[in-house]
**Q** 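Mind having a look at this structure? Questions to follow.
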Amino acid sequence: MSTYFVWRLAFINVFMKMVCTQDHPLLFVAKVFDVSLVNLNNGDSEVIVDGLSRSFMLDYHYSSGFLYWIDIAHATISRICYPSKNENPPELIIPKESGHRPTDIVIDYIHNHIYWADSYDFSILRSELDGSDKKTILKDNAISEIRGIAMDVLNGIIYFTDRNAGKIEKLKLDNTSRNTIIANPDAINPVHMDLDINEGRFYWTDVGLHQIKSATFDGNDIKTIVSGRYPYGIQIYGDYIYYSQWENGQIWRVKKSGLTADLLYTTTTDVLGIKVFEENTYCQTFQQIQNSNKRSAGYMIDLAKGVPTSDHTLERGWYRVMSDNGDEIPNYPPGLGYCGTLHPIWLNGTLPSVDDQNVTREACLQTQEDECEEKIDIQIRNCGGFYMYYLQHTPINSSFCFGKGPVLCPKRQSSETGYYPGCTSSFPNETFHVEVVSELIQHRSFPIPGYDPTPSLVPVFRCKFDDVSNSSFLYDIHWFINGDNVTRHLNMAFEDINSTILRDTDWNKLYNMNMMVECAVRARYLLGSTPGPYIYSPQFQAGIFPEKYEYSVVEGSSVDIILKSTVPVGCIASHYDIRKHCEQNFYIFQPKKDQTSLSCIDKSIAKKDIVFEAKFCGVSVKSMDWQEAKKLHVIGYSDGMYNFQDRSTIISISTSAVSDLNDIWKDVQVPDIKITVIDKDSVLINRQCRSYNDPHITTFDGRLYHYMNVGEFVMYKNDKGPYLVHALFTNCGFGWAGSSCHCGIAVRSRNSLFVLRTCQTISRTEKHLLQEPITKLISCDEKDLLIEHDTNNYKITLPIGTKIKFTISRWSKFISMIAIKPSVFDINEASGLCGVPSTTKDMSDDFTHRQNGPIENDQDFADSWRITPSMFEEQLFNNEAIFQSNSVAGNGNAVTENNFTRYCTCERQASSTIPLDDFNTVHCNLTESTEFCSESSITEEDTITSFYTSCSISKRKRRSVNSGDKIVRRSISKDDDVIDFPQLTYDDSVFNNEVTTTSTFRNGWTEETALLACMADIQNALPSELTNLVDVSVSEFVESCVLDIKLVGDTTFLPDTISTMLNYIMTEVLRNESLYILNTTDGSQTLVEYVTSLMCPNNCNDNGNCTLGVCMCSGKYIGDDCSQSISIPPSNTSLPFDGLCTLGTRDCRSTNMYGNFLSRIVWYKLKYFQIITDSIRYISEGALFEANFRNIFMVSIDLESSRRKRATSETFMAEGYEISLSYDGTNFGESTRIIIYDETCYSCNSTSIECVQLDFCNPTVAPTTQNDDKKSFVVIAAALGGLFLVIIVVIGFIYYKVKSNNTRTKIIPDQQERKRSFYLEQSTGSQIWVTTDKSISDLQLEIDDSRGETPFEMFEKQLPPRSHYNHNL
């Protein structure tokens, strides 16, 4: 069992605690080798029968006291008497020799039969209780395997599962009907089931879906109760479902509503069948009083036509009353002659509740003399769904009353009401088919400019049937909505049937769409004659309906929700050109989120459940194609977490606005659609590509290899974006022959690029590092890259959820580790040095050569992913990558907006008060089916500020890619922010393909001593608490460590190896959702907090707290491991360009400063000086300021606040500052000088603090003087003048628009019906009714007859896109 599922089980054991204080039923349990009676309240177990081969399913017959079970290994059915005072052996009633293979058993306790499913001959059989008199009820070779059966004994219906076909069927025992009620994909491998007679639902377990589901007896309203486990046997008892998990010997309980499950019982063997055993069996042992309709208190006997009911022969005993009018005994005197008898007997008291159990009540015999002339004691028990009565015989011509209301006429009789009295057989008895259809009919016409009036179209319902009388009958038509009679039409001749349609005026405002419409028709010979019985149409589902109400989707995969309207969409006119624009939009949203899911955990990927591939949050149903199914493409959202259980969400459908002609769609009531999202991220458990040290590379699927070439290489490549990670390798220096270290990383996400580089030249023989590492970020879309960094650790998240982590070594300034955690979108898609991630961790294709496919030689494989200096278009470390130049020009391999698939989140409901363009912009702006966390979750400390430009492609719609849209780059930081960014170069040694490495150990090391040292340090660094949590390949890191010692002759690389291992562990821990929920034993912290507190370097030297693997130092200490006192200032600092700042190229109002900074808080103070011809004049020492932390190697210093102003007559050659830094604001290090001068007049040296005047002095920029104020005034004046000019132009444009309004058509609100209707008005006064999405003033339609086009052609061409409308024509 994987570590992930071990922790998942731990979560279950902690949070789904055993419930021992409640009153649970006793359960018969089939436990493979025995059948036991288990007390769920205390866990006690009594073995009823043992020595079995494989007990399977079972049932119990209360009247006879026999327990029946199936031994599936021997293909037998046996029984034993329980309870019994004497020991008795089991009785074999269906032996193996019978040739049957039973898989489930159910008992008919009324007729005393047993039924069983036979998987051998695809049948259901019945026998007597002793196994005799076998009869085949169903045999069908088309059935794959009948696995489970359940029985509605009272109604004579049996339900059975066809396991391999993924369906459930319903069969009447009299063979009058058989139909499939559940089919794939609602069921994959259904096995066993149980019925809830009281609520009219059945529940089943599905071993294919790992779910428990329920539905009504006709297969509707399917619900998922339990998901993510392995349920098998099932029993319904009260408000709860009891079920077994066969693979781990557990019995669980869950409410029918599907809330938290309780673990009740665990055993060491498999648990299969279970059966509730009630010692009190009153509600299962009774006789029936059949055909009791006429016992109703509302039925009065007609002595001329019937014989009074009499209970004078009734035997004493418990009875259940079977009546269409109910089984409650009336608690009032019905009256003489009622209840089908002369003297009715009624209840002088109240009926009991379920908790009352058996009660004794007084019944009264009503006569002419007294309403209670004789008193009779009876007993009553409320069995939940029905009552049982303990009755005795009564005087002649008297009987007990049960039920109420009128009694239906018997078969083949009718009356005006359909009930007694007046039932007769003289009426039309012809049968005909009746159905409800929905259609469009013509309505009033509205004038439309440029078109002849055509009728509008409105939807109605028609009761359709054939005239069977050749127009001689009269017909009554009744309309029902949701069972309520809403209107009727009586005594209608067939030629007038068209007037009986159901219009919206008959029901609108009372009912909402997605309703059940039904009509009933009956015929009569003549006006006033007895009509025949009503013939009802099937219920017509009127509205828009999904194909089903529960779906499952795997993370990263998709499922289509099929929506279909059964009612047409109306239109303002029937003209084709107008009608094709008529539509009704249905908007989707998620009304509530699953509260068991965690929110944004690691500040990268947002926590969601699903997204939609769509243009807007909904579907559009057009008047022209309303009968076509609409697809809603749902994507399972990959949250990057190993979820502790499958997630779920609800989709609701609404209409934000409707037109008058489609007012029936207002407030449509579509039942919520449940989407279960199945976790796929868990297939990537313990999967990480990493390259570290010199370097050692492990592929996504765990294959380790060692590669020491130099140059630029593709570590990761996914064409979906495209998304790429390139790495630079160069010689590590220090005389390590053949070594190779990371000195750069470049991450491309579509048109955006992040680069960090520490080397200036790539070499095979020596290192050429930059003075300080440099970073560059060219971001074309904020959704392309999410970059976070904490001191020397960086994390970059791609839009598909792939995460790249890397660490810069403080001592070497090389990148010590690059790690890539794949997402589900990388499976079988990514390639490069990291290999191809597979679903099953298949290493056979890890070494996939760029051109030749999978190979075995790791060096040839790695060589193929090298980017040579001649491969210009693929290089990412140039000062400007080729793909970015292509994106500016709009060609090449640039990614444009048109390449993107758009996704919608649709978490909020569209409101009629918000313009839908704005709504869709917010909710349909994803270009991948994942989303970063909101910006509010990313702190300022996480942002990259070393060098940052942005580019943007024009977002204007309907523009061609080649239309001239430009990518514009701009610096988002100050113009004075200068970073030396030299071009990457290669020396000649790079092109020497021979890689020479050390073949022997040195400095006293041997392979054995290196192995022991590596093993000891790596094992010591691995917290023991993590060994069962993350699958750590210690051997991989030990092997790499030994090779490092062999290369360099010491343990220089060992800390980086350990850091890489801990980074891998941290990555896996932070993705395990269960650890965020589970608490430690004392409950003081979550497991993720506890585990990550063990993973800081040197345990923070006891000078701070470890939080999520990062040291949070106390106030007196700083550093990655809190090892340095804050009183020790930064040292070895330097400035760009050797501390020289020339005014011809910069303003010199700020400067960057290089060093190795151990804290984000760095203080600085400035000492201002001026360089005069022969001396240096120190003017003042400035105040204390906080530097702007850029990264661990750079801070920015503001000089502007300390710059001095001087009179124009004052002369000096240059000015400058001595800058000193501190961590605590008190203790400062050695100062570093910056000299500011005009390079056209002087040449300066920052080391000697000297300047020399040049022969030809032509100042281009004067040092800072009071003239700066004058320049600022000129700039402000120019800006104000430009603003004034813009205002004049805008006023002129508005005046022109007002003057031209006489030739325009405007849409304005109708003053008399402002709330819902609007009309289009021209100077001619003609009007049409329309409704728009935005405010009406937003829509102006240009009509110019001089262009030779009809007004409507102009109307049609200038019609806004669909997203412009809130309302629909």
Side-chain angles (χ1 to χ4, degrees), residues 688-698 706-716 724-734 736 739-748 753-763 766-777 785 787-796 803-821 832-834 862 865-867 876-877 944 946-947 981 984 1040 1044 1047-1048 1052-1064 1066-1067 1097 1120 1154 1156-1157 1190-1194:
Q688 182 195 63
C689 171
R690 48 191 173 269
S691 177
Y692 55 100
N693 297 351
D694 54 332
H696 314 289
I697 304 175
T698 302
H706 314 283
Y707 184 70
M708 298 186 184
N709 215 326
V710 297
E712 179 178 352
F713 290 85
V714 180
M715 285 199 66
Y716 162 88
L724 297 106
V725 178
H726 286 197
L728 280 179
F729 300 151
T730 191
N731 184 270
C732 301
F734 305 105
W736 299 336
S739 64
S740 176
C741 287
H742 310 84
C743 69
I745 182 172
V747 180
R748 177 186 175 184
L753 178 67
F754 169 84
V755 176
L756 187 146
R757 180 157 58 89
T758 68
C759 57
Q760 180 168 347
T761 300
I762 302 298
S763 172
E766 54 189 11
K767 68 175 179 179
H768 302 276
L769 295 181
L770 295 164
Q771 180 182 5
E772 301 297 339
I774 55 175
T775 57
K776 175 176 67 173
L777 172 61
L785 290 166
I787 305 175
E788 307 160 69
H789 77 98
D790 176 25
T791 61
N792 62 333
N793 298 305
Y794 287 73
K795 181 173 73 172
I796 300 176
K803 287 183 170 58
I804 303 100
K805 292 184 177 181
F806 63 93
T807 301
I808 303 176
S809 172
R810 289 185 181 273
W811 69 271
S812 71
K813 293 187 179 177
F814 281 110
I815 298 174
S816 59
M817 177 273 297
I818 298 175
I820 304 175
K821 180 66 179 179
L833 294 182
C834 287
W865 290 102
R866 184 178 181 183
I867 303 298
L876 297 183
F877 290 96
I944 295 293
S946 298
F947 183 72
F981 206 115
L984 177 68
S1040 301
D1044 291 338
L1047 176 69
V1048 304
T1052 298
F1053 282 123
L1054 183 54
D1056 291 332
T1057 300
I1058 292 174
S1059 176
T1060 300
M1061 178 182 69
L1062 294 178
N1063 171 273
Y1064 160 68
M1066 178 70 74
T1067 298
D1120 299 337
Y1154 301 138
N1156 187 355
F1157 300 105
R1190 308 292 289 277
N1191 58 51
I1192 63 172
F1193 300 111
M1194 186 172 74

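Position 1 is the first residue of the sequence, and the numbers go up from there. Hydrogens, waters and symmetry mates play no part in the numbers below; they use all other heavy atoms, side chains included.
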**Q** Taking the ring centre of each residue, are Tyr707 and Phe713 less than 6.0 Å apart?
**A** yes

**Q** Under 3.5 Å, is there a donor-acceptor pair between the His742 and Ser691 side chains?
**A** yes

**Q** Suppose we screen for side-chain hydrogen bond (donor to acceptor under 3.5 Å, both in side chains). Which residues come up paired with Arg810, at least two apart in sequence or across chains?
**A** Asp1120, Asn1156

**Q** For Val710, is there any backbone N or O sitting under 3.5 Å from a side-chain donor or acceptor partner on Arg866?
**A** yes

**Q** Apply side-chain contact (heavy atoms from CB on, under 4.5 Å) to residues Arg690 and Ile818 and explain how you reach the verdict.
**A** CA-CA 6 Å; Arg690 48 191 173 269; Ile818 298 175; over 6 Å; no

**Q** Quick one, Tyr794 with Thr807, criterion side chain to side chain donor-acceptor pair (under 3.5 Å). Give me CA distance, side-chain angles, the key distance, then yes/no.
**A** CA-CA 6 Å; Tyr794 287 73; Thr807 301; over 6 Å; no

**Q** With side-chain contact (heavy atoms from CB on, under 4.5 Å) as the test, would you mind laying out the steps for Phe734 and Val1048 before giving the verdict?
**A** CA-CA 9 Å; Phe734 305 105; Val1048 304; over 6 Å; no

**Q** Could you pull out all residues at least two apart from Tyr1064 that satisfy ring pair (Phe, Tyr, Trp, His ring centres under 6.0 Å)?
**A** none

**Q** Got Ile745 and His726 here, is their nearest side-chain heavy-atom distance under 4.5 Å?
**A** no

**Q** Apply side-chain contact (heavy atoms from CB on, under 4.5 Å) to the pair Ile808 and Leu756, showing each step before the final yes or no.
**A** CA-CA 10 Å; Ile808 303 176; Leu756 187 146; 3.5 Å; yes

**Q** Ring centroids only, cut at 6.0 angstrom: are Trp736 and Phe1053 within range, meaning strictly under it?
**A** yes

**Q** Once you round to the nearest 0.5 Å, how far does OG of Ser763 lie from NZ of Lys767?
**A** 12.0 Å

**Q** Find out whether Thr758 and Leu770 are in side-chain contact, i.e. whether some heavy atom of one side chain is under 4.5 Å from a heavy atom of the other.
**A** no

**Q** Report yes if some heavy atom in the side chain of Gln688 is under 4.5 Å from a heavy atom in the side chain of Ile820; otherwise report no.
**A** no

**Q** Can you list the residues that meet the ring pair (Phe, Tyr, Trp, His ring centres under 6.0 Å) rule with Phe1193, with sequence neighbours excluded?
**A** none

**Q** Measuring from Ile774:CD1 to Arg757:CZ, what's the distance to the nearest 0.5 Å?
**A** 4.5 Å

**Q** Taking atom types as modelled and ignoring hydrogens, do the side chains of Ser816 and Tyr692 form a donor-acceptor contact shorter than 3.5 angstrom?
**A** no

**Q** Taking atom OG1 of Thr698 and atom CG of Leu833, what is their separation to the nearest 0.5 Å?
**A** 12.0 Å

**Q** Have a look at Phe814 and tell me which of Leu769, Asp694, Asp1056 forms a side-chain contact (heavy atoms from CB on, under 4.5 Å) with it.
**A** Leu769

**Q** Judged by modelled atom types alone, do Gln760 and His768 share a side-chain donor-acceptor pair under 3.5 Å?
**A** no

**Q** Apply side-chain contact (heavy atoms from CB on, under 4.5 Å) to Met715 and Cys689, showing your working.
**A** CA-CA 9 Å; Met715 285 199 66; Cys689 171; 4.2 Å; yes

**Q** Judged by modelled atom types alone, do Asp1044 and His696 share a side-chain donor-acceptor pair under 3.5 Å?
**A** yes

**Q** Answer yes or no: is there a side-chain heavy-atom contact under 4.5 Å between Thr761 and Thr730?
**A** no

**Q** Does either side chain, that of Asn693 or that of Thr1057, offer a donor lying less than 3.5 Å from an acceptor on the other one?
**A** yes

**Q** About how many Å separate CD of Glu766 and SG of Cys732, when rounded to the nearest 0.5 Å?
**A** 13.0 Å

**Q** If I compare all heavy atoms of Ile762 with all of Gly711, which pair ends up nearest, and what's the gap?
**A** CG2-N, 3.8 Å

**Q** Side chains of Thr1067 and Lys805: is there a donor and an acceptor less than 3.5 Å apart?
**A** yes

**Q** Show the nearest heavy-atom pair for residues Asn709 and Ser740, with the distance to one decimal.
**A** O-OG, 2.8 Å

**Q** Report yes if some heavy atom in the side chain of Phe754 is under 4.5 Å from a heavy atom in the side chain of Lys776; otherwise report no.
**A** no

**Q** At what distance, to the nearest 0.5 angstrom, does CZ of Phe806 lie from CG of Asn792?
**A** 10.5 Å

**Q** What pair of heavy atoms forms the shortest contact from Cys743 to Ile815, and how long is it?
**A** C-CD1, 4.2 Å

**Q** Is any side-chain heavy atom of Leu728 closer than 4.5 Å to a side-chain heavy atom of Leu984?
**A** yes

**Q** Heavy atoms, side chains only, cut-off 4.5 Å: are His706 and Ser1040 in contact?
**A** yes

**Q** Under 4.5 Å between any side-chain heavy atoms of Asn1063 and Met817, yes or no?
**A** yes

**Q** With rounding to the nearest 0.5 Å, note down the distance linking CZ in Arg1190 to CD in Glu772.
**A** 13.5 Å

